[in-house]
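Structure first, then comments.
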Amino acid sequence: MRPERYNAKEAEPKWRKVWNDRDLFRTRNDDPRPKYYVLEMFPYPSGRIHMGHVRNYTMGDVVARYMRAKGFNVLHPMGWDAFGMPAENAAMQNKVHPKEWTYQNIATMRGQLQSMGLAIDWSREIATCDPAYYRHQQRMFLDFLEAGLVDRKTAKVNWDPVDHTVLANEQVIDGRGWRSGALVEQRELTQWFLKITDFAEDLNAKLNTLDRWPEKVRLMQRNWIGRSEGLLVRFALRPETTPAGETELEIYTTRPDTLFGAKFMAVAPDHPLASAAAENNPELAAFIEECKRIGTAQEAIEKAEKLGFDTGIRAVHPFDPNWTLPVYVANFILMEYGTGAIFGCPAHDQRDLDFVNKYGLGNTPVVCPPDQDPQAFVITDTAYDGDGRMINSRFLDGKTIQDAKEEVAHRLESETRDGRPVGERKVNFRLRDWGISRQRYWGCPIPIIHCDACGVVPVPKDQLPVVLPEDVTFDVPGNPLDRHATWKHVDCPTCGGKARRETDTMDTFVDSSWYFARFTDPTLTDEPTDRATVDRWLPVDQYIGGIEHAILHLLYSRFFTRAMKETGHAGLDEPFAGLFTQGMVVHETYRDQSGAWVLPADVRFETEGATRKGFHVTTGAPVEIGSIEKMSKSKKNTVDPDEIIGSYGADTARWFMLSDSPPERDVIWTEEGVQGAGRFVQRVWRLVGEIADRSASAGNGATADGSIGTVIRKAAHKALAAVEEDVERLRFNRCVAQIYELANNLQDLLGQAKTSDEPGLAEAFREAGRIFVQLLAPMMPHLAEEAWQALGQPGLAADTAWPEVARSLLVENAITLPVQVNGKKRADVTVARDADQAAIEAAVLSLDAVQKAMEGKPVRKVIVVPQRIVNVVA
RNA sequence: GCGGACGUGGCGAAACUGGUAGACGCAAGAGACUUAAAAUCUCUCGGGCCUUGCCCGUGCGGGUUCGAUCCCCGCCGUCCGCACCA
């Protein structure tokens with residue numbers, strides 16, 4: 001007997017067990033079918049999953065299940081981005097070991113994810129904190145080192161003097177450490193770098209090939225890489241104005257065309273020429289100190305006034321030995337970019353203009369806009385950076401900007417001083433090398449040994465992995481590895497003398513830069529990857545995750561894949577062929593009268609007409625309903641996936657996550673919305689029951705044209721075709737709408753068919769029911785199995801091939817076209833599908849409504865858009 | 001400041017990128033069933049009017065077109081990214 005109501009609590013675990021027992025979602029590397037790799041960004045094991053995870057993993061699961069049904073060998077794995085600071089913070093606060101904390105969280109979250117009914121191959125699960133994973137990362141670090149892709153150099157870092165650690169930029173708030181509150185210092189530290197800049201050109205160029213990435217992400221990466229084409233120019237310095245040992249100043253410019261508009265030179269406060277000039281100039285030295293001090297507070301830089309200090313040094317214009325330019329030290333010049341020195345052309349650069357207006361250096365426009373009179377064109381407060389023709393520029397006058405750039409480059413390239421050309425074309429990038437050293441415990445150890453005699457010595461590969469010691473304490477600030485009694489003391493692999501291990505660990509972005517490759521063969525022990533396997537699976541066909549990783553994670557992964565290619569661990573450049581960035585889950589916020597945040601679960605609502613009021617469930621006090629914001633613990637506007645799955649079932653949660661909003665946009669979590677999804681689950685159950693009954697009773701036979709049976713079949717196949725298209729374009733909200741529509745249609749048709757005994761009706765319902773359940777299956781997999789069984793279908797819905805669309809059913813013999821008169825809809829006309837223009841015109845013009853709307857005016861034109869619309873122009 | 005995206009009913013949204021604006025869902029209202037509630041089912045649901053039908057309506061103002069949510073120009077608003085990168 002079929003129960004009245006569908007009981008998700010019983011059915012869901014039952015079907016998961018069936019899938020599990022049959023090992024349904026295990027993926028074999030030797031499966032000959034075409035591959036499809038779908039991956040969602042793996043989670044950080046923070047403790048419990050949140051609704052954002054539910055949304056992300058549901059989307060990936062729909063794709064995985066759909067492609068499986070389509071006959072692909074689908075790889076859909078899951079793992080844990082398991083290293084990172086929260087584990088150490090937990091260790092400090094709760095006296096629990098990071099490893100224990102992490103693995104407990106993993107166990108909890110694995111259970112939660114499994115309760116969602118995801119079609120994941122759990123046998124491939126990996127955790128980045130597992131030595132079985134990070135040993136390969138250490139191996140690749142050494143391979144990169146051999147290949148020249150690793151650098152060790154000093155770099156400025158944000159140093160927290162209380163916590164004794166380096167902070168990432170986003171961990172510095174108002175110049176203070178986010179945890180300690182201490183004033184952050186800029187320190188020069190020796191750090192390990194991965195040479196991502198070696199690939200800057202390629203990382204930029206290949207963005208154009210990523211046509212299944214959001215344009216927004218490509219643009220963000222393009223800006224981040226910041227490619228620019230320009231010219232290096234060596235300016236001679238007047239010896240009598242210049243400290244001993246300095247003879248020239250090399251600058252970088254993207255506007256060599258504006259050289260005749262130059263008014264000054266400027267160097268960064270930490271430029272060698274600035275230091276040299278400051279040696280005998282205490283005032284300048286003080287100015288430089290001041291710049292460096294301001295430089296530490298990130299916020300201040302943005303608002304800071306442009307300040308400069310004339311060094312007294314004079315540079316010679318490259319095209320006129322009698323023209324000299326003052327050399328300033330300026331606070332807005334960055335040592336890290338270009339050569340740390342510029343020439344200033346105030347008329348065509350706003351920063352330079354602000355600078356000269358402050359110091360009274362004047363300006364000369366050298367580019368005249370097309371609509372301006374060159375004689376009258378002046379610049380006062382706003383620099384002109386648009387197009388135009390050269391003026392006031394001697395041999396460049398009259399040329400376009402592009403031609404002038406070319407001319408200057410050409411002349412300076414061919415001119416030499418001290419045996420080197422004065423000018424040199426140079427492509428510059430904003431992108432910097434990737435500093436991966438972190439003074440932390442819970443990360444992948446950098447496999448290096450420091451020996452006083454031999455210097456920096458790599459750990460021999462046969463001694464990998466360098467395993468984190470477990471007996472560590474977190475009661476004092478600083479890196480536990482550094483103060484561990486024995487761990488760092490080792491013998492030098494080269495000379496055998498006393499040496500020290502590197503105590504820095506790797507940035508956790510390294511861990512996530514290759515996990516997608518490891519999933520292709522995660523149990524391999526000798527190598528990070530198997531070349532044949534990794535090359536067959538990669539690239540990931542569809543990657544799904546949050547927009548917050550648009551730059552760092554995705555750029556690092558693109559770099560890492562290239563580095564793996566160079567060291568023989570993979571054979572391709574781009575790891576992710578398709579990328580989709582999903583929106584956040586947002587929710588209303590609630591506050592009580594004291595202004596404290598209130599959990600949604602603690603609010604009871606009353607509606608009077610259009611107004612909605614909230615009250616606290618226990619105290620009954622009124623609760624103010626606030627703005628809709630990203631779910632966050634601090635604002636307490638969170639909903640726990642466990643509770644939702646517990647009360648409604650996983651399918652309801654999945655369905656609601658997919659309905660309503662387009663997947664790239666934020667979705668608002670509402671109690672009403674979930675209830676609606678839950679109602680639909682029950683409605684599907686009743687509908688399937690009725691279809692089962694109706695299709696069991698009557699006999700078989702062919703459906704006649706125009707019969708109810710044909711209408712049923714058309715409805716089913718139309719929905720099938722639409723859902724196929726929408727899943728493939730990840731437009732899940734439209735899939736949901738299509739399925740609702742089919743449900744509405746089938747319900748309607750069941751009513752119409754009640755008294756009919758036309759032949760073929762039972763078979764038509766059987767087919768439609770089957771298709772209906774198959775459309776549901778990727779989204780609500782548990783319900784689909786239960787329904788599949790109720791329909792008496794063999795096997796499992798999750799293991800059944802996707803149905804074929806019967807295209808012939810989608811073609812209508814008679815089509816109804818809207819009829820417009822002068823662009824306004826006045827009537828409909830039904831004509832044969834293949835009716836010609838003349839027939840349609842005649843039919844349209846004979847319509848009463850058309851005649852009336854024409855108001856007796858003559859027909860000027862009839863526009864017939866085939867299969868679309870007819871417009872009569874009076 | 002620079003770059004990008006987006007503005008459609010009470011709400012989330014559709015509209016095959018130039019062809020019937022508002023599919024589908026949520027909320028709301030009316031009714032049926034019920035002793036009652038829940039559940040379910042039926043109907044209404046952009047605004048207005050002289051309601052068999054007509055007029056207005058996709059942030060605002062123009063333009064192109066037989067026809068514009070869609071293309072072009074100018075505003076207004078919201079959100080996001082970058083921010084002295086020479």
Side-chain angles (χ1 to χ4, degrees), chain A residues 4-5 214-217 219-224 226-228 230-231 251-255 258 266 301-304 306 330-334 336-345 348-352 354-355 385 428-432 547-548 550-551 607-612 628 655-656 659-662 664-668 670-677 679-680 682-683 686 722 725 731 733-744 747 751 816-828 849 852-853 860-874:
Chain A
E4 262 320 92
R5 283 181 68 79
E215 186 51 43
K216 181 186 171 71
V217 174
L219 188 72
M220 282 166 74
Q221 292 213 355
R222 202 169 282 126
N223 290 340
W224 187 263
R227 184 184 191 276
S228 70
L231 199 65
I251 59 97
Y252 177 72
T253 180
T254 56
R255 293 297 302 271
T258 64
I301 299 173
E302 295 165 17
K303 301 259 152 62
K306 287 172 182 47
N331 65 346
F332 63 99
I333 307 301
L334 304 174
E336 293 83 3
Y337 187 80
T339 62
I342 60 145
F343 82 83
C345 174
H348 306 289
D349 183 297
Q350 192 61 46
R351 293 159 301 179
D352 297 347
D354 294 345
F355 190 79
D385 61 0
N428 229 324
F429 296 94
R430 211 186 73 110
L431 184 69
R432 312 279 160 76
I547 185 75
E548 66 273 20
I551 297 174
T607 43
E608 283 177 32
T611 56
R612 221 164 119 257
I628 295 169
W655 183 254
F656 180 53
S659 59
D660 275 0
S661 290
E664 69 278 6
R665 240 181 271 180
D666 290 350
V667 65
I668 304 171
T670 62
E671 190 59 28
E672 293 78 14
V674 192
Q675 283 170 2
R679 273 199 300 273
F680 184 64
Q682 295 302 334
R683 204 179 139 207
R686 288 192 302 271
E725 198 188 320
R731 307 203 310 192
N733 58 321
R734 283 173 39 120
C735 294
V736 167
Q738 291 294 344
I739 291 170
Y740 269 117
E741 205 168 333
L742 178 58
N744 292 345
Q747 198 149 28
T816 300
L817 296 175
V819 178
Q820 295 181 334
V821 177
N822 291 329
K824 285 190 173 148
K825 199 209 160 190
R826 297 294 175 188
D828 290 302
K852 193 177 157 208
R860 281 206 289 150
K861 198 155 65 161
V862 179
I863 294 156
V864 178
V865 183
Q867 316 291 314
R868 269 281 135 84
I869 201 166
V870 183
N871 192 8
V872 182
V873 186

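A, B, ... follow the sequence lines: proteins, then strands. Residue 1 opens every chain. Only a predicted model underlies this, so the values are computations on that prediction, with no experimental measurement involved.
Comparing B/C41, B/U20, B/G19 by their nearest atom to the side chain of A/Gln747 picks out B/C41. Each of B/A15, B/G19, B/G12 was ranked by its minimum atom distance to the side chain of A/Ser661; first place goes to B/G12. Of the candidates B/C41, B/A14, B/C84, B/A14 carries the atom nearest the A/Pro662 side chain, counting heavy atoms from C-beta on. When distances are taken from the side chain of A/Glu741 to each of B/A23, B/U20, B/U40, the shortest belongs to B/A23. For A/Arg430, the listed nucleotide lying nearest its side chain is B/A83; candidates were B/C55, B/G25, B/A83. Closest to the side chain of A/Ile333, out of B/C41, B/G12, B/A86, is B/A86. With B/C66, B/C84, B/A23 as the choices, the nucleotide that has an atom nearest any side-chain atom of A/Lys306 turns out to be B/C84. Of the candidates B/A15, B/C41, B/C54, the closest approach to any side-chain atom of A/Arg826 belongs to B/C54. Side-chain proximity of A/Glu672 to B/A27, B/C41, B/C66: nearest is B/A27.
The nucleotide B/C24 finds its pairing partner in B/G12, both defining distances of the Watson-Crick or G-U wobble pair being shorter than 3.5 Å. Judged by Watson-Crick or G-U wobble contacts below 3.5 Å, the nucleotide B/U40 has B/A32 as its partner. In this entry B/C6 has B/G77 as its Watson-Crick or G-U wobble partner, both defining distances falling under 3.5 Å. As the counterpart of B/G1, B/C82 is assigned, both hydrogen-bonding distances of the Watson-Crick or G-U wobble pattern falling under 3.5 Å. When both pairing distances are held under 3.5 Å, B/C71 makes a Watson-Crick or G-U pair with B/G63. Both distances falling under 3.5 Å, in either a Watson-Crick or a G-U wobble arrangement, occur for no nucleotide opposite B/U52.
Between the C1' atoms of B/U34 and B/A14, the separation comes to 38 Å (whole Å). One C1' atom belongs to B/A32, the other to B/A37, and the distance between them is 16 Å to the nearest Å.
Looking at A/Ser661, its side chain does come within 3.5 Å of a backbone N or O of A/Asp666 through a donor-acceptor pair.
Below 30°, between 30° and 60°, or above 60°: for A/Phe680 and A/Trp655 the angle between ring planes is below 30°, a parallel geometry.
Along RNA chain B, the nucleotide closest to A/Ala737 and the one closest to A/Leu219 are compared, and the more 5′ of them pairs with A/Leu219. Comparing A/Arg686 and A/Ala677 against RNA chain B, the residue whose closest nucleotide sits nearer the 5' end is A/Ala677.
Between B/A13 and A/Arg731, no contact under 4.0 Å exists linking OP1 or OP2 to a side-chain N or O. Phosphate contact (OP1/OP2 of B/A14, side-chain N/O of A/Asn733, threshold under 4.0 Å): present. Under 4.0 angstrom from either OP1 or OP2 of B/G25 there lies at least one side-chain N or O belonging to A/Asn744. Phosphate contact (OP1/OP2 of B/U52, side-chain N/O of A/Lys852, threshold under 4.0 Å): absent. The shortest distance between the side-chain N/O atoms of A/Tyr740 and the OP1/OP2 oxygens of B/G25 is not below 4.0 Å.
The CZ atom of A/Arg734 sits 19 Å away from the P atom of B/G12 (whole-angstrom rounding). Remark: C1' of B/C24 and CH2 of A/Trp655 are 10 Å apart, rounded to the nearest angstrom. One interatomic measurement links the two molecules: CD of A/Gln867 to P of B/U20, which rounds to 14 Å at whole-angstrom precision. For the pair A/Ile551 CD1 and B/G4 P, the computed distance is 16 Å after rounding to whole Å. Counting to the nearest Å, the P atom of B/C84 and the NE2 atom of A/His348 are 23 Å from each other. Nucleotide B/A13 holds its P atom 11 Å from the CZ atom of A/Phe656, rounded to whole Å. The separation between A/Lys861 atom NZ and B/U65 atom P is 11 Å, rounded to whole Å. Between A/Leu431 atom CG and B/A83 atom P the separation is 13 Å, expressed in whole Å.
Within the model, atoms CG of A/Asp660 and OG1 of A/Thr670 stand 7.0 Å from one another, a figure rounded to the nearest 0.5 Å. To the nearest 0.5 Å, atoms CZ (A/Arg826) and CD (A/Gln820) are separated by 10.0 Å. Taking CD1 from A/Ile342 and OG1 from A/Thr254, the interatomic distance works out to 10.5 Å, rounded to the nearest 0.5 Å.
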Quiz item: Given the rule in the side-chain hydrogen bond (donor to acceptor under 3.5 Å, both in side chains) test, do A/Tyr252 and A/Ser228 qualify, once you have shown the distances and angles that lead to the verdict?
Solution: CA-CA 11 Å; A/Tyr252 177 72; A/Ser228 70; 3.1 Å; yes
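Relative to the ring axis of A/Phe355, A/Lys306 does not place its NZ or CZ within 45° and under 6.0 Å from the centre.
A donor and an acceptor atom never sit less than 3.5 Å apart when one is taken from the side chain of A/Arg679 and the other from the base of B/C26.
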